[in-house]
Amino acid sequence: MSIPGTGVRVRLLGPVEVIVAGSPQAVNGVRRKAVLATLALHVGRVVSVDRLIDVVWGEQLPATAANTLQRHVSYLRGVLGEPGSIVARQPGYVLDTGPESTDVQAAERLLELARRSSDRNEQVAHLTAAVALWRGPPLADVAGSAWLEEQAEHLARLRLEAERALAEARLSVGEHARLVPGLERLVRQHPLDEHLHAQLMLALYRDGRQGEAVATYRRLRDTLRENLGIDPSPRLRDLECAILRQDTAIAAPAPAAAAQPPVAAQLPPPVPTFTGRDAELAALDALVDRGGAVVVSGTAGVGKTALAVHWAHRAAERFPDGQLYVNLRGFDPAATPTDPARALHGFLEALGVPVARMPRDPDTMASLYRTTVAGKRLLVVLDNARDAEQVRPLLPGSPDCLAIVTSRDQLIPLVVTESAQPVPLDLLTPGEARDMLVRRLGERQVAAEPAAADTIADRCARLPIALAIVAARAATNRHFSLAAVAGELGDLDAFRAGDEATDVRAVFSWSCRTLSPPAARLFRLLSLHPGPDVSVPAVASLAGIAPQTSGPLLTELTRANLLTEHTYGRYAFHDLLRAYAAGLADEAEAPAERDAAVHRLLDHCLHTAHAADLALHPHFSDISLPPPRAGVTPERPKNKLAATAWFTAEIPVLLAAVPLAARAGFEGHAWRLAWTMAGFLHRQGHWQDWLGTQRIALAAASRIGDQTGQGHAHRSLGLACSRLRRYDEADDHLRRALDLFTDVGDDAGRAHTCLNLGQLAERQGQQHQALDHSRRALTLFRRAGNEAGQGYTLNAVGWQEGLLGNYGRALESCGEALRKLQEVDDVQGQADTWDSLGHAHHQLGDDRRAIACYEHALDLFTQVNDRYAEASTYVNLGGSHRALADFGATRVAWRRALSILDELGDADADAIRADLAQLDASRLH
């Protein structure tokens, strides 16, 4: 829903709004909004000046209407941020903002997708996303124009149609119990609507509330007689009779066998020595049942995260549907703030949304998130937010959910527009500061030297992070008196400048002076690491030291409270400490040494990611790497499981490393890193991250004129766009990749790209073009001597021949594919090929041979843990058994497929469930 390159959206399904790069832009004046709404309702089409004037002013036409209209258009161009967004074209103006730049267009597309789909779960997903786009009465703030009021009525009817269709789809998949509250609301809003009453009656009956279902009918009957003098329709009367006699024809569908997702529990561990903050905790307690959002704001290091996490753990039982947490990294000096789309992806995964159903568009993702949490009692902690726009898509929007946002900023826009409750956090009181020392050092030591304890609290500016560091110093040196520790802090008076940040930096400097030289150097270099946390092996490469040496140094930094081991083997900075360490690195480390450390770190990321990708795809890693620098010790994941675990832990680091490499002049690392993680991002459904990293990769490779890097980036962008169904863009990127690989003589790159062009054509139903591309890919793989590539492509050729009905050729190509893939021991490719062979034999009527092929495929898919492909093959296997009239074996195969698809949460499950029901029904007759 965005203009390419600008991120502009016009929202009409509620108050008229303009969103630019995720930020709302005010449109002042009813008539300006009316001009924008009229153009947006005709987006891409010319609206004449006379028509605009008539809509906006009606009979109250001023003499200067034409000139005023020009000024309104000029103003709107400024709001949209793009002079070409409203184009003067005879006889008027056109809003030229590209496809789906309005929420009306998005809603109409989703409704059309739902109408075309025969899959009920897919319909539910499309309709849910569509309904979520309405934010209230459409065109709510442009009343007074007869034409716009007509459009508002039309859009309101469209919403009602969508809500009816959604209720119908949800009833068909057994969501009757969860439907009742929403249908009761709709019935109150539309007291004469028989269709909604019928849906509510059915939902109540299926939920075991027969009496309420009948009462709903009788209330409607009385309302119709009183207001219109008529009785309900025969259809509704028949439904009442069916409910009274408990007709099995209206019984609920069989429940899905899918396991319930685990309750999300993402909160980080609480600080064991948390103390004080009684007033703030009481304020949060008072807001727990209010819902909405709370903003905990305060200066850096004041303990916002500690308070939010401590309270969240304390209140967790009051949120039985789970607790979500994300660090938005809004003020991390070495990292880009977390993209809301990435945070949404993580939330949806935690809430049980399978990757196969993950929306590709961030707006649709936000809509699905709000729909998923509707009716749940959920706590959401949004930590370290930079601004309101980073937060808004992550607010659950349900009155039963509570979001706690922490930020150095007061986030006034959230307080104003979202009615968020502010909870400002100040410095600890003197009493709270002393209590914190007691929790960390013990009552006896603090009581023995109260004046020294007060001095320590004062010189730490009563900031929890500084107190923690000083307490760690005292606790690890029990022979020191508190007076001695306070005396050491007295040396910091020269640093004091009257503000807390300066005081804290002074405490940091004192703490760093107690470190060994190697630990102090490591502390400085760690500020160059871009990720949210760092592993022990990466630390070794960053510092250019042996892995066994890095562990003790990290322990020293952790004991000094300069790092935290927030997860086993992974270490993180506080933002203030990172900023302080970065300043020390600038002062103490020569530019050449800083560059060398970054180079080592990027080498570590690149070579380990490449090794992990090779473990996952041993025959398709076709880029060369320069050797790592001295001192780099890359990790070598031993198998697919270890490789997947490594990517899962390190993907936030890799996503930060790509832009770091591009900024720091390591363009080759930037595009190669993006290449190594593309497969993992694809499999995990991180579409926006995939696109973002490849765009950086393309820019980096272009800056240094690396045609090979550009080719790989274009190819990956083509794959990502194809996955996002942006087929024109995909075709453009893939053809540019093909040209680049041709220019550099890279036959393997050309072959992969031709294979991808074939897959793109097949997705668009262009089977002959798909076959041509695949044959060209096969020629190139043969020229390159790539046996695995030949095997995969021969299978593609065979599959596409089969789709065209050339089953003899399909068997020939797939047989050759199988031999090559067996020679190189590529299990995944063999499994795919056995399935293709089974399909060809089935189409030829040789189902016994097809069954043997499918069983071979199943054995191999089990080895590579490809659950979706396994389910697909079970479906095919059942089809062959059915062709042989072996209905028992058919049922077994399809039930296994259904079990897997339900486990994966895949939309194809309902089609298999329907086939099973049809099979059982046919056997009864």
Hey, are the side chains of [X] and [Y] touching, using non-hydrogen atoms and a 4.5 Å cut-off?
| X | Y | answer |
| --- | --- | --- |
| Leu148 | Leu41 | yes |
| Leu414 | Leu395 | yes |
| Leu757 | Asp731 | yes |
| Leu200 | Val180 | yes |
| Lys33 | Asp141 | yes |
| Arg221 | Asp231 | yes |
| Val47 | Tyr93 | no |
| Ser367 | Thr128 | no |

Give the minimum heavy-atom separation between [X] and [Y], together with the two atoms involved.
| X | Y | result |
| --- | --- | --- |
| Ala662 | Arg703 | O-NH2, 3.3 Å |
| Arg32 | Leu76 | O-CD1, 3.8 Å |
| Leu179 | Ala167 | CD1-O, 3.5 Å |
| His42 | Thr38 | ND1-O, 2.8 Å |
| Leu139 | Ala152 | CD1-N, 3.8 Å |
| Ala114 | Gln123 | O-CG, 3.5 Å |

Other residues, nucleotides and ligands only: do more than 12 of their heavy atoms fall within 6.0 Å of [atom1] on [X]?
| X | atom1 | value |
| --- | --- | --- |
| Arg290 | CZ | yes |
| Asp728 | CG | no |
| Gln189 | CD | yes |

Output, in order, the C-alpha distance, side-chain angles, deciding distance and verdict of salt bridge (Lys or Arg N to Asp or Glu O under 4.0 Å) for Asp238 and Arg235.
CA-CA 5 Å; Asp238 289 345; Arg235 175 176 173 272; over 6 Å; no
Nearest 0.5 Å, what's the [atom1]-[atom2] distance between [X] and [Y]?
| X | Y | atom1 | atom2 | result |
| --- | --- | --- | --- | --- |
| Glu163 | Arg185 | CD | CZ | 5.5 Å |
| Leu655 | Asp689 | CG | CG | 4.5 Å |
| His773 | Gln759 | NE2 | CD | 11.0 Å |
| Asp50 | Leu69 | CG | CG | 10.0 Å |
| Leu220 | His197 | CG | NE2 | 4.5 Å |
| Leu111 | Leu166 | CG | CG | 10.0 Å |

**Prompt:** So, are Arg157 and Glu161 salt-bridged, with charged N and O less than 4.0 Å apart?
**Reply:**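 No, this pair does not count.
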Is the backbone of [Y] close enough, under 3.5 Å, to the side chain of [X] for a donor and an acceptor to pair up by distance?
| X | Y | answer |
| --- | --- | --- |
| Arg726 | Cys721 | no |
| Gln694 | Ala674 | yes |
| Arg237 | Pro232 | yes |
| Arg77 | Ile86 | yes |
| Asp103 | Leu12 | yes |
| Ser297 | Gln410 | no |
| Thr64 | Asn67 | no |
| Gln688 | Arg342 | no |
| Gln764 | Leu760 | yes |
| Thr223 | Arg219 | yes |

*asked:* side-chain contact (heavy atoms from CB on, under 4.5 Å) for Leu52 and Leu39? Distances and angles first, verdict last.
replied: CA-CA 8 Å; Leu52 282 166; Leu39 291 170; 4.3 Å; yes
Measure from NZ or CZ of Arg763 to the centre of the six-membered ring of Tyr727 and say whether it is under 6.0 Å with the direction within 45° of the ring axis.
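Geometry flag: not set, cation outside 6.0 Å or 45°.
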Verdict with reasoning, Leu36 to Val79, per side-chain contact (heavy atoms from CB on, under 4.5 Å) | CA-CA 11 Å; Leu36 177 61; Val79 172; over 6 Å; no
Decide salt bridge (Lys or Arg N to Asp or Glu O under 4.0 Å) for Arg109 and Glu112; before the verdict, give the C-alpha distance in whole Å, the side-chain angles of both, and the deciding distance to 0.1 Å. CA-CA 5 Å; Arg109 178 183 64 84; Glu112 180 60 26; over 6 Å; no
Just by distance, with hydrogens left out, do Ser74 and Arg71 show a side-chain donor and acceptor under 3.5 Å apart?
->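 No, no side-chain donor-acceptor contact under 3.5 Å.
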Review point. Step by step, would you call His714 with Leu698 a side-chain contact (heavy atoms from CB on, under 4.5 Å)?
Key: CA-CA 7 Å; His714 273 301; Leu698 180 58; 3.5 Å; yes
* To do: Could you point out which residue of Leu95, Val94, Val46 forms a side chain to side chain contact (heavy atoms under 4.5 Å, CB included) with Val87?
  =>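 Only match with Val87 under side chain to side chain contact (heavy atoms under 4.5 Å, CB included): Val94.
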Can Arg736 and Asp732 be said to form a salt bridge (Lys or Arg N to Asp or Glu O under 4.0 Å), step by step? CA-CA 6 Å; Arg736 292 172 73 179; Asp732 180 62; 3.8 Å; yes
Would the Trp690 and His345 ring centres measure less than 6.0 Å apart?
->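 Centroid separation for Trp690 and His345: 6.0 Å or greater.
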Apply the test side-chain contact (heavy atoms from CB on, under 4.5 Å) to residues Val43 and Val10: give CA-CA distance (whole Å), side-chain angles for both, the deciding distance (0.1 Å), then the verdict. CA-CA 10 Å; Val43 62; Val10 181; over 6 Å; no
